[in-house]
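Indexing begins at 1, ligand by ligand and atom by atom, following the structure's order. For the single chain, residues carry numbers from 1 onward in sequence order. All heavy atoms count here, side chains included; hydrogens, waters and symmetry mates do not. Keep in mind that what you see is a predicted model, and the values were worked out from it rather than measured.
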Amino acid sequence: MAVGPEITLPNGRKMPTVGTGLWKVSKDTAAEHVYNAIKLGYRLFDNATDYGNEREVGLGLKRAMDDGLVKREELFIVGKLWNTFHAREHVKENFQRTCSDLCVDYLDLYLVHFPIALKYVPQETRYPPEWKHEVDGPVIPVKIPFQETWEAMEALYNEGLAKNIGISNMSGAMLYDLLSYAKVRPAVLQIELHPYLQRQQLVELALTEGMAVTAYSSMGDTGYHEINMVPGGPRFVPLLKHDLIAEIAKRHNRSSAQVLLRWAIERGVAVIPKGSNDREMMENLNVFDFSLTEEDMKEIASLNQNLIFNDPGKYAGRLIWAW
Ligand SMILES: NC(=O)C1=CN([C@@H]2O[C@H](COP(=O)(O)OP(=O)(O)OC[C@H]3O[C@@H](n4cnc5c(N)ncnc54)[C@H](OP(=O)(O)O)[C@@H]3O)[C@@H](O)[C@H]2O)C=CC1
Ligand SMILES: O=C1CO[C@H](CO)[C@@H](O)[C@@H]1O
């Protein structure tokens, strides 16, 4: 069963326009969450080594397949190479661990999570290594050319293990550079994207170069609550509570969350919202029977502030990211 229209990737494979993300889904609930999501109709699952729940997610996927709810080929499973595995000899190691944890033998899409290479941490020491560790402190940046990482990603593609490869958190300049040497071009660019961070040029560049774009954090700040808690009061109105979004939602008899997702879809972009309960999960899937008008899109365009919420430096506790 396909959920809504799909996006055709450069090699002809199809990707659902709406999937669901698994960042911050707790280990205790992940298996049930995924099983339930499949029952509700989700087919695309956005995973990452860094989310620390792939084993539990895998149990949910396996149970759904074993119970005959879905076949492997109906699912679109996304994984992400973590920053400590960028060296040529470690890319496949991370990939295989993800596949084994997720109980699958291939991924539909494997992304490089960040164009930031960090010092290798063996799995026996810590898995996943994350941005910092309370005992060892921040993980250490290392100088590995992105081309080396990308060639190892291409090898996974050529072996048929990753049906598509792509990147996340990459700027236009890096993308241009990557396109100069890529033998397998990235199929997908996954980036933070919401009305406060509209990235018109980057989206246009990726789409023009034939890539699909996936938006993450469509609801804006919700996953980064602490960012709004600054002395002197909040820095901005949370998008889910923004009057303009609420007003547009009212016009269409929809929720603010649905307007935020639809805004990305109108731009030709896929979305991977994380719903916290059945109501949210259903709402986020039901975004194909209404459209935003040109006027709505113009109004939302006025909200852009180039406001980035995902700042790895905050997680790592050190300068690690230069936007
Ligand atoms: N490549 C990358 O570096 C990154 C990728 N991602 C991916 O993107 C996914 C989504 O991004 P993320 O930042 O997690 O969050 P979202 O923007 O999807 O927001 C998630 C939160 O928004 C609220 N929400 C979701 N749906 C609704 C709804 N229908 N009504 C009301 N509230 C709603 C929920 O908050 P509440 O729990 O309070 O109800 C939920 O926890 C991640 O799970 C991950 O897979 C995310 C960040 C970075
Ligand atoms: O995808 C994610 C959301 O952002 C976090 C902070 O950069 C990451 O650690 C996480 O993997």
Does even one non-hydrogen atom of [X] get within less than 4.0 Å of ligand 1?
X      : answer
Glu283 : yes
Phe309 : no
Ser218 : yes
Gly223 : no

Atoms in ligand 1 flagged as close to [X], the criterion being non-hydrogen separation under 4.0 Å:
X      : value
Asp46  : 7 (C), 44 (C), 45 (O)
Ser168 : 1 (N), 2 (C)
Tyr51  : 4 (C), 5 (C), 6 (N), 7 (C), 44 (C), 45 (O)
Ile272 : 7 (C), 8 (O), 9 (C), 10 (C)

Options [options], ranked by nearest heavy atom to [atom], top entry:
atom                    : options                        : result
atom 41 (O) of ligand 1 : Ser276, Pro273, Gly21, Ala257  : Ser276
atom 26 (N) of ligand 1 : Thr222, Asn284, Ile191, Ile167 : Asn284
atom 8 (O) of ligand 1  : Phe114, Tyr224, Tyr216         : Tyr216
atom 32 (N) of ligand 1 : Glu280, Lys24, Met219          : Glu280

Just the distances, no angles: every ligand 2 N or O to protein N or O pair closer than 3.5 Å, one line each.
from, atom 1, to, atom 2, distance (Å)
ligand 2, 1 (O), Tyr51, OH, 2.8
ligand 2, 1 (O), His113, NE2, 2.9
ligand 2, 4 (O), Asn310, OD1, 3.3
ligand 2, 4 (O), Asn310, ND2, 3.2
ligand 2, 7 (O), Asn310, OD1, 2.7
ligand 2, 9 (O), Asp50, OD2, 2.6
ligand 2, 9 (O), Trp131, NE1, 2.7
ligand 2, 11 (O), Asp50, OD2, 2.4
ligand 2, 11 (O), His113, NE2, 3.3

[Y] and [X] side chains, donor-acceptor separation under 3.5 Å:
X      : Y      : result
Ser168 : Tyr216 : no
Asp46  : Gln190 : yes
Thr98  : Glu54  : yes

Ring-face cation contact, Tyr106 with Arg72, 6.0 Å cut, 45° max: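 Judged by the rule, Arg72 and Tyr106 form a cation-pi pair.
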Axial cation check for Tyr157 ring with Lys163, 6.0 Å and 45° limits: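 Here Lys163 fails the 6.0 Å and 45° test against Tyr157.
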Heavy-atom side-chain contact between Val25 and Lys274 under 4.5 Å: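 The answer is yes, as the side chains (C-beta and beyond) meet within the 4.5 Å cut-off.
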Heavy atom of protein inside 4.0 Å of atom 38 (O) of ligand 1, strictly below: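 Under 4.0 Å from atom 38 (O) of ligand 1, zero protein heavy atoms found.
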Aromatic plane relationship, His252 with Phe290 - under 30° parallel, 30 to 60° tilted, over 60° perpendicular: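 Tilted, since the angle between the ring planes falls between 30° and 60°.
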Short side-chain to backbone donor-acceptor contact, Asn11 and Arg13, under 3.5 Å: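 Indeed, once roles are kept as given, a pair shorter than 3.5 Å links the two residues.
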Pair Asp296 + Arg251, salt bridge at N-O below 4.0 Å: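 Result for this pair is yes, salt bridge flagged.
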Close N or O approach (Ser255, ligand 1; < 3.5 Å):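 No: no nitrogen or oxygen of Ser255 is under 3.5 Å from one in ligand 1.
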